[in-house]
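Just so it is clear: chains get the letters A, B, ... in the order the sequence lines come, proteins before strands, and each one is counted from 1.
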Protein chains: 2
Amino acid sequence: MKMTADKENTEEKILEAAKEVFLEKGNDGTRMQEIADKAGINKSLLHYYYRSKEKLFAAVFKYAFSQFAPRIFSAFKDDEDFFALIRNFISVYIDIVSKNPFIPLFIINEINKKNTVFTNVIKMSGINPQVFKDRIQKEINNGKIKSIDPNQLIINTIGMCIFPVIGRPLIQVILFEDNKAEYDKFLESRKTEVADFIINSIKI
Amino acid sequence: MKMTADKENTEEKILEAAKEVFLEKGNDGTRMQEIADKAGINKSLLHYYYRSKEKLFAAVFKYAFSQFAPRIFSAFKDDEDFFALIRNFISVYIDIVSKNPFIPLFIINEINKKNTVFTNVIKMSGINPQVFKDRIQKEINNGKIKSIDPNQLIINTIGMCIFPVIGRPLIQVILFEDNKAEYDKFLESRKTEVADFIINSIKI
DNA sequence: GTCTATAAATTGATAGAC
DNA sequence: GTCTATCAATTTATAGAC
């Protein structure tokens with residue numbers, strides 16, 4: 001039906017525009033007018049489809065979190081060689097965050113603000129780091145890697161992947177004289193450099 | 001003189017209140033009224049002393065950046081043993097960011113937004129990572145550590161120090177069942193864990 | 001479904017009394 | 001220096017025509 005097609009089309013256009021603006025500017029920095037302009041529609045339609053700014057933001061947050069956090073643990077294949085698993089995970093993960101540079105900072109910021117509101121979203125997201133922790137512990141028990149607190153290893157890994165992306169504007173100026181191309185090369189090389197760094201540290 | 005004393009006292013109270021609010025909520029999320037309430041003075045006085053919100057924000061940003069970034073390289077002593085230097089730097093650095101958890105995220109966010117405005121602040125801050133790069137290269141040349149791109153090592157180090165602080169609300173829920181005391185212990189133990197992790201990776 | 005017009009509330013900033 | 005009163009602009013949200 002045309003009506004339904006239009007409806008979904010407009011609703012989709014709004015959500016796409018809202019993603020762009022909210023992800024870049026956060027909840028406080030976002031104006032409904034800017035979303036409407038980007039979607040090419042009237043401002044009133046935002047309320048027609050999403051009632052309020054808060055509900056539209058919630059839709060964007062839900063998308064961002066579903067898009068991002070589960071993928072943290074998605075590249076995980078349990079039967080793989082552990083070092084190959086690390087190499088694969090880091091390569092995929094750095095690739096994702098490099099292509100979606102606003103999402104990690106957006107999530108961190110909004111969770112820092114409305115902690116109570118989104119704690120539930122996190123808990124119901126199905127994120128379960130236990131498979132990771134168990135696998136690390138298994139490798140330690142089997143004498144394949146040095147003893148280390150699995151939580152420490154996990155945070156080390158994710159920190160090294162995310163920090164150069166969310167801190168890019170600062171780091172690019174201080175360490176790379178604001179050379180964008182050089183920084184892109186730097187990020188690309190980290191797909192293997194970070195894995196080497198970790199494996200060097202934990203191998204026996 | 002009493003007048004001067006009052007002036008500086010009020011001006012100082014305003015700046016202190018502004019730091020609290022701006023650092024936690026960012027520029028967009030901050031209301032002048034909230035700063036005035038926290039300082040215990042009238043809203044008009046904010047403009048009397050700082051003319052505009054933008055100028056007050058600039059004062060806070062300047063403070064935050066001066067407080068934070070230079071300390072990145074302050075714990076550096078050139079004559080020290082390299083591994084001792086790493087241990088000392090990481091311990092001091094994690095301690096600083098743990099006690100000022102809002103500053104790193106504040107700086108990253110605001111630089112992400114007004115990139116052109118604050119690029120100058122960065123450049124004129126006197127930050128010079130070259131001493132770090134040179135020292136790392138020297139250790140490589142002397143055969144004390146494995147070959148590694150100094151930039152990679154620097155970002156690995158800072159990333160592992162900062163990420164668990166700025167991502168705390170998220171990580172604490174996912175990995176520590178929102179147990180604050182456990183997370184505090186986790187952060188404290190990282191002062192040595194991160195150094196061990198790095199040294200294990202680069203030692204020959 | 002989509003638009004125009006406008007309400008209602010917020011907020012940065014200024015004028016002027018004391 | 002500090003306060004009250006108020007302006008002017010912005011912004012979310014709604015009412016109503018088409």
Using a distance-only test with no angle check, is there a side-chain donor-acceptor pair under 3.5 angstrom linking A/Asn156 and A/Gln152? no
Look at the side chain of B/Thr10 and the base of D/dT2, then say whether one donor and one acceptor between them are separated by less than 3.5 Å. no
In whole angstrom, what separates B/Leu46's CG from D/dG1's C1'? 14 Å
Please report the distance, rounded to the nearest Å, between CG in B/Asp28 and P in C/dG12. 11 Å
Length of the line joining B/Asn42:CG and D/dT6:C1', which is rounded to integer Å: 13 Å
Side-chain donor/acceptor pairs under 3.5 Å, residues 54-63 of chain A, sequence neighbours excluded:
none

Check the distance between C/dT11's C1' and B/Lys25's NZ and give it to me in whole angstrom. 15 Å
Selected nucleotide, minimal atom distance to A/Lys43 side chain, candidates C/dT2, D/dA13, D/dT14: D/dA13
Mind calculating the distance between CD (B/Gln33) and P (C/dT11) to the nearest angstrom? 9 Å
Expressed in angstrom and rounded to an integer, what is the separation of A/His47 atom NE2 from C/dC3 atom P? 15 Å
Whether B/Tyr49 contacts D/dT2 is assessed here as follows: a side-chain N or O lying under 4.0 Å from the phosphate OP1 or OP2. Is that the case? yes
Distance in angstrom units between B/Lys53 NZ and C/dT10 P, rounded: 16 Å
A/Tyr48 side-chain proximity, nearest of D/dT4, C/dT2, D/dA13: C/dT2
Looking only at side chains, do B/Asn200 and A/Asn200 share a donor and an acceptor under 3.5 Å apart? no
Counting distance alone, no hydrogens or angles: does the base of D/dT12 have a donor or acceptor under 3.5 Å from a partner atom on the side chain of A/Ser52? no
Within the side chain of B/Arg190, is there an N or O that forms a donor-acceptor pair under 3.5 Å with the backbone of B/Met160? yes
Take the protein atom CZ of A/Arg31 and the nucleotide atom C1' of D/dT11, then report the distance between them rounded to whole Å. 7 Å
